[in-house]
Amino acid sequence: MFKRFYLLAVLLAAVLHLQAATVTSTAGKLSTVLTYHDSQSLTVNGTLDARDFLFIADELRYLKNLDLTNATIVAYNSTLSDGLLPGEYHYAANTLPYCALAGLTKLQTVNLPTNLTAIGYGAFAGCSRLTNITFPASLKTIGDDAFNSCLSLKQVTIANDINYLGSKAFAHCVSLTTLVLNPNGDIVIGDEAFADCRALNNVTIGTTVTSLGNGTFNNCIALKKVNILPGSNIEDIGDMAFYRSGIEELDLEYTPHLKHLGAWALAKTKLKNFTIPTHVKSLDEGTLFYAKTLTNLEVPQTLSYLSDYMLAGCDHINGTPFMTQNMSYIGNFAIFNQSQHPKITVPQRVYYIGTHAMSGITELREITSEALKVPALGDDVWAGINQSAVKLYVKEESLNAYQAAEQWQDFLVDVAQLRGDVNSDGFVNVTDATCLRRYLIEGITDGINLNRTDVASNGRTDIADIVAIYNIINGVRPADYPSNLWFEDYIEALGAITDTRKANIEISLNNTINYTAFQFDITTPSHITIDGATLSSRCLGHEIYVGKVDDNLYRLVCFSPASDDIEGYDGRLVTLNISSTQNIGNNDYITLRRIYFADYQENVYYNNNLNINIIGISAIENITADESDQPVDVYNTQGQLLRQNVLPSQATNGLPSGIYIVGGKKVIVR
């Protein structure tokens with residue numbers, strides 16, 4: 001019986017030692033005071049040095065939990081015989097040594113010494129089960145590769161007085177989801193600090209971060225957005241900083257000190273909209289290389305060059321806003337394979353276009369070169385383009401030079417017309433806007449060149465062309481080739497009789513986009529006339545005109561000579577004043593057709609019809625009627641085919657109020 005109890009006691013003691021041990025040690029003596037090397041939990045008090053961490057890493061292979069809260073790391077100078085780094089090496093005090101705990105694959109939790117100031121190179125590298133880490137307030141430095149390949153680490157907060165985060169410090173931490181970089185003082189982020197953290201999706205960058213190193217978030221495929229706090233001190237975003245990341249949105253509004261975007265910094269990302277602030281002075285090669293989802297790009301008008309490969313493969317960008325008036329140099333492969341552009345303008349200061357800079361722009365049909373001196377070209381600038389079918393418009397005094405220049409001569413070279421000069425007097429000024437407005441509202445063609453009315457290059461003459469003229473006058477360079485876009489805002493009309501034969505109709509708009517101008521066609525019954533219109537306070541600085549185009553057809557245009565936006569996002573825009581030759585009744589309607597809104601970039605947003613009950617409320621929203629020339633089919637909501645192969649602009653004419661499916665999109669007829 002005694003032997004049985006003795007054996008049980010021995011086994012229990014062994015299990016307890018296997019599970020947990022607490023020791024007090026002096027530097028270099030841990031191996032002598034810890035008699036059991038199979039402990040899963042270890043608490044160390046006293047002092048430690050590099051020799052003790054070598055013992056832990058080599059011998060305590062079952063260690064899961066390590067508590068060093070009350071331990072102090074002291075300095076040590078290695079020798080040739082102690083098994084540490086070859087030769088003499090100084091291990092600093094209060095520093096977790098070089099590769100101190102690297103490769104402890106069972107380690108899950110660590111409590112660091114309260115007076116720790118630095119974590120050395122690779123200290124936790126390969127600790128694949130380490131789930132979290134809390135840094136003491138005294139910590140200043142996290143070394144290179146410190147937590148590289150800690151595959152289970154989920155959250156990291158860099159705060160307190162940490163001022164340096166080393167290269168690849170948290171690279172390949174594939175479970176890391178949340179990162180806060182918000183220390184008290186300035187901090188430099190080392191190269192590839194968080195590279196290949198494929199689950200990282202929540203990043204906050206505080207005001208004291210001064211730079212993002214090369215490849216900081218390289219291949220962080222789950223990272224869609226970075227929260228940069230206001231007052232950021234970031235001066236530099238390094239090479240490949242977000243390369244192949246999942247970044248969809250990067251707002252640099254709060255980075256007033258940012259001067260440089262490195263090579264390939266945003267290449268192969270999923271950015272959709274991107275604005276390069278005016279304070280960014282340097283863009284290295286391939287900055288947005290093959291960011292294929294990018295649709296809207298704004299760059300500073302002061303930008304004077306496109307670096308090599310900068311926008312290659314960005315084949316969904318609307319227009320060519322990157323061609324600024326100050327552009328002088330277009331690098332090799334700069335806009336390679338931007339296949340969708342039908343028209344390109346080469347600014348007047350451009351003196352060189354690099355090798356293959358514009359290769360693969362297969363939709364190109366027209367080039368306007370504003371450069372008087374023929375720009376020098378690299379090799380195969382226009383490869384893949386059928387140059388014999390592309391028009392090249394140049395200034396008259398440069399015509400012969402372009403026709404004789406290698407590569408340029410292969411285009412259909414002709415003299416350019418001055419954009420916006422609709423009256424052909426050689427100038428673009430307010431008289432062109434006046435001529436166009438008279439033509440648009442009243443159909444007056446005297447003194448106007450009808451071949452020049454499509455100033456906005458959207459395939460027709462409308463309010464966007466007046467906006468375009470004032471943009472030219474005001475020195476604004478918008479997107480070169482605006483798009484027709486769906487109109488998905490909410491228009492409401494409220495009619496009220498002022499006496500039996502007069503009424504006012506208030507037209508209100510709840511908008512999500514900043515518009516600068518609008519246009520309506522207004523049809524009326526034979527007994528009703530439009531006497532005029534009054535703008536609301538939302539349209540301060542705007543001008544409004546109403547003219548009779550045909551019997552019972554009026555056109556209203558409203559624009560700002562200064563290209564100012566309509567103020568606010570809801571409320572009344574305009575009041576129509578109408579009169580009738582007979583008493584106005586419940587069944588009296590007017591109809592707004594060809595409802596166009598334009599923004600300052602000359603983009604046109606439109607829908608089809610709004611039928612207005614003169615003494616009631618009418619509304620239209622989410623109308624997506626296409627005005628392209630492609631025929632559509634019209635169905636009711638029960639799926640019955642009502643009309644086949646009709647133009648979108650005529651699809652719902654005469655249909656009773658209700659919901660219809662036009663070309664696969666919902667249309668409400670009121």
Apply ring pair (Phe, Tyr, Trp, His ring centres under 6.0 Å) to [X] and list each qualifying residue two or more places apart in sequence or on a separate chain.
| X | result |
| --- | --- |
| Y254 | none |
| Y351 | none |
| Y305 | none |

Is the [atom1] atom of [X] crowded by more than 12 outside heavy atoms at less than 6.0 Å?
| X | atom1 | value |
| --- | --- | --- |
| Y352 | OH | yes |
| K259 | NZ | yes |
| R438 | CZ | no |
| K391 | NZ | no |
| E397 | CD | yes |

With a 3.5 Å cut-off and sequence neighbours excluded, list the donor-acceptor pairs that the side chains of residues 267-275 form with protein atoms.
residue, atom, partner, partner atom, Å
T269, OG1, L266, O, 2.8
N273, OD1, N296, ND2, 2.7

Without hydrogens or angle criteria, can the side chains of [X] and [Y] be said to hold a donor-acceptor pair below 3.5 Å?
| X | Y | value |
| --- | --- | --- |
| Y439 | T453 | no |
| S563 | N471 | yes |
| Y290 | N337 | yes |

Check whether any side-chain N or O of [X] sits under 3.5 Å from a backbone N or O of [Y] as a donor-acceptor pair, and report yes or no.
| X | Y | result |
| --- | --- | --- |
| D421 | V428 | no |
| D465 | A456 | yes |
| N474 | P561 | yes |

With sequence neighbours excluded, what pairs up with R349 under the side chain to side chain donor-acceptor pair (under 3.5 Å) test?
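Side chain to side chain donor-acceptor pair (under 3.5 Å) list for R349, sorted by chain: N326.
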Just say parallel, tilted or perpendicular for the rings of F559 and Y470, cut-offs at 30° and 60°.
parallel
Show the nearest heavy-atom pair for residues [X] and [Y], with the distance to one decimal.
| X | Y | value |
| --- | --- | --- |
| G568 | N511 | O-ND2, 3.5 Å |
| I317 | H341 | O-CE1, 3.6 Å |
| Y402 | K373 | OH-O, 4.1 Å |
| I472 | G420 | CD1-CA, 4.0 Å |

[X] versus [Y]: any side-chain heavy-atom pair under 4.5 Å?
| X | Y | answer |
| --- | --- | --- |
| V209 | S232 | no |
| L250 | V226 | yes |
| F518 | L509 | no |
| R538 | L573 | yes |

Rounded to the nearest 0.5 Å, what's the gap from SG on C314 to CD on Q338? Could you check?
6.0 Å
Taking atom OG1 of T208 and atom CD1 of I234, what is their separation to the nearest 0.5 Å?
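Between T208 OG1 and I234 CD1, I get 10.0 Å after rounding to 0.5 Å.
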Tell me, which pairs form a salt bridge (Lys or Arg N to Asp or Glu O under 4.0 Å) where one or both residues lie in residues 513-528, sequence neighbours left out?
D521-R555, D521-R594
Between T255, V280, L258, which is the residue that forms a side chain to side chain contact (heavy atoms under 4.5 Å, CB included) with I237?
L258
Out of the candidates V574, L576, N577, only one should pair with T534 under the side chain to side chain contact (heavy atoms under 4.5 Å, CB included) rule; please name it.
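The option that passes is N577.
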Between D315 and K292, does any side-chain N to carboxylate O distance fall below 4.0 Å?
yes
